[in-house]
Amino acid sequence: MRLLTHNMLSCNIKGVTNGFPLKIEATKVIEKQVDLNVDFLKNMFLKVEWKALVEASRSMGYAELPEEADSSLLGSEEFLKKFHHALLELHLEEGALICPETGRRFSVTKGIPNMLLHEDEGF
């Protein structure tokens, strides 16, 4: 699972009001090379919750993103490469996503998060 996907997931358990961002517990992280697409990155920058991306990348062992970022950094090739790597090349292969409010663990197996709710957790 890429961090792009992680940045769009939240815990949807009935009654949860603070289900984002999901904490990452990584047991296996892999890197997959992806061609750099500057236009895509510039477009996605406006949609990504930056603080959640920084936390997620650090939990997967990548601490190269700045604590804060604004659109002025999009002119920096160095910044774009780091953003690209964190967003698209780091993959959570095995581990868990954890709801920040309830502590409920959602397993990630072979890069696929299992976000299915138990019967008593649904809407």
Side-chain angles (χ1 to χ4, degrees):
M1 178 191 74
R2 293 179 177 161
L3 292 184
L4 173 62
T5 302
H6 170 265
N7 204 268
M8 297 177 190
L9 292 175
S10 64
C11 180
N12 289 318
I13 295 174
K14 178 176 51 182
V16 168
T17 57
N18 182 27
F20 179 87
L22 295 165
K23 305 291 183 205
I24 294 177
E25 185 179 274
T27 55
K28 182 178 180 184
V29 175
I30 61 173
E31 295 182 19
K32 296 181 182 178
Q33 189 172 355
V34 176
D35 290 338
L36 184 71
N37 182 332
V38 172
D39 291 333
F40 175 78
L41 291 173
K42 288 180 177 180
N43 186 39
M44 287 311 300
F45 181 80
L46 302 173
K47 296 175 172 97
V48 167
E49 177 15 82
W50 188 258
K51 186 177 178 190
L53 177 63
V54 170
E55 273 184 37
S57 67
R58 289 183 179 167
S59 70
M60 290 174 50
Y62 185 71
E64 299 299 314
L65 294 177
E67 233 8 86
E68 296 182 11
D70 61 45
S71 59
S72 68
L73 291 172
L74 296 175
S76 163
E77 186 177 340
E78 180 182 348
F79 171 78
L80 288 172
K81 285 180 180 178
K82 290 176 181 180
F83 179 40
H84 166 80
H85 183 69
L87 194 67
L88 300 171
E89 293 184 329
L90 289 178
H91 289 256
L92 177 61
E93 189 70 8
E94 302 290 335
L97 302 175
I98 304 166
C99 175
E101 185 174 318
T102 66
R104 165 75 148 80
R105 299 167 57 83
F106 298 92
S107 66
V108 177
T109 306
K110 296 181 182 175
I112 300 170
N114 180 353
M115 300 300 293
L116 294 175
L117 300 178
H118 298 298
E119 192 172 309
D120 62 336
E121 296 174 322
F123 293 94

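Heavy atoms only: backbone and side chains are in, while hydrogens, waters and symmetry mates are out. Computed from a predicted structure; not experimentally measured. When a residue number appears, it is its place in the shown sequence, counting from 1.
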Distance-only criterion, 3.5 Å: show the donor-acceptor pairs between side-chain atoms of residues 57-67 and protein atoms not counting sequence neighbours.
unit_1 : atom_1 : unit_2 : atom_2 : d
S57    : OG     : L53    : O      : 3.2
S57    : OG     : V54    : O      : 3.0
S57    : OG     : Y62    : O      : 3.3
R58    : NH1    : E67    : OE1    : 2.4
R58    : NH2    : L65    : O      : 3.2
R58    : NH2    : E67    : OE1    : 3.3
S59    : OG     : A56    : O      : 2.7

With a cut-off of 3.5 Å and sequence neighbours excluded, list every side-chain donor-acceptor pair involving residues 36-45.
unit_1 : atom_1 : unit_2 : atom_2 : d
N37    : OD1    : D39    : N      : 3.2
N37    : OD1    : F40    : N      : 3.0
N43    : OD1    : K47    : NZ     : 3.1

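Under the 3.5 Å distance criterion, the side-chain polar atoms of E31 are left unmatched by any main-chain donor or acceptor of Q33.
I30 and L97 fall into different hydrophobic clusters, where Ile, Leu, Val, Met, Phe, Trp and Tyr side chains are chained together by heavy-atom contacts under 4.5 Å. Clustering ILVMFWY residues whenever any of their side-chain heavy atoms sit less than 4.5 angstrom apart, transitively, puts M115 in the very cluster that holds M8. Both L73 and L80 are part of a single hydrophobic cluster, where members link through side-chain heavy atoms under 4.5 Å apart. At a threshold of 4.5 Å between side-chain heavy atoms, the hydrophobic network of Ile, Leu, Val, Met, Phe, Trp and Tyr places V34 and V29 in two separate groups.
Across all non-hydrogen atoms, the minimal contact from F79 to L74 is CE2-CD2, 3.9 Å. Counting all heavy atoms, side chain and backbone alike, F20 lies closest to E49 at CE2-CG, 3.3 Å. Taking every heavy atom of both residues into account, C11 and V16 meet most closely at O-CG1, 4.1 Å. Residues A52 and P21 share a closest heavy-atom pair of CB-CB, 3.7 Å. Taking all atoms of both residues into account, the shortest heavy-atom contact from L9 to P113 is CD1-CG, 4.2 Å.
A search for side-chain hydrogen bond (donor to acceptor under 3.5 Å, both in side chains) contacts involving S72 returns D70, not counting sequence neighbours. The salt bridge (charged side-chain N to carboxylate O under 4.0 Å, His left out) search around E68 returns none, not counting sequence neighbours. Residues satisfying the side-chain hydrogen bond (donor to acceptor under 3.5 Å, both in side chains) test with E77, not counting sequence neighbours, are K81. Every side chain to side chain contact (heavy atoms under 4.5 Å, CB included) that E78 has, sequence neighbours left out, goes to S76, K82.
Note that CG of L3 is 8.0 Å distant from CG of L92, once rounded to the nearest 0.5 Å. Between the CG atom in N18 and the OG atom in S10 there is a gap of 10.0 Å [rounded to 0.5 Å]. One distance of note links CG of L88 with CZ of F83; it measures 8.0 Å at 0.5 Å rounding.
Atom CG of D120 is surrounded by more than 12 heavy atoms from other residues, nucleotides or ligands within 6.0 Å.
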* Asked: Does the pair H6 and I24 meet the rule for a side chain to side chain contact (heavy atoms under 4.5 Å, CB included), with working shown?
  -> CA-CA 9 Å; H6 170 265; I24 294 177; 3.7 Å; yes
* Carefully, step by step, assess W50 and N7 under the rule side chain to side chain contact (heavy atoms under 4.5 Å, CB included). => CA-CA 9 Å; W50 188 258; N7 204 268; over 6 Å; no
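Within the structure, every pair that satisfies the side chain to side chain donor-acceptor pair (under 3.5 Å) test and touches residues 89-108, not counting sequence neighbours, is listed here: T17-E101, E25-R105, H84-E89, H85-E89, R104-H118, R104-E121.
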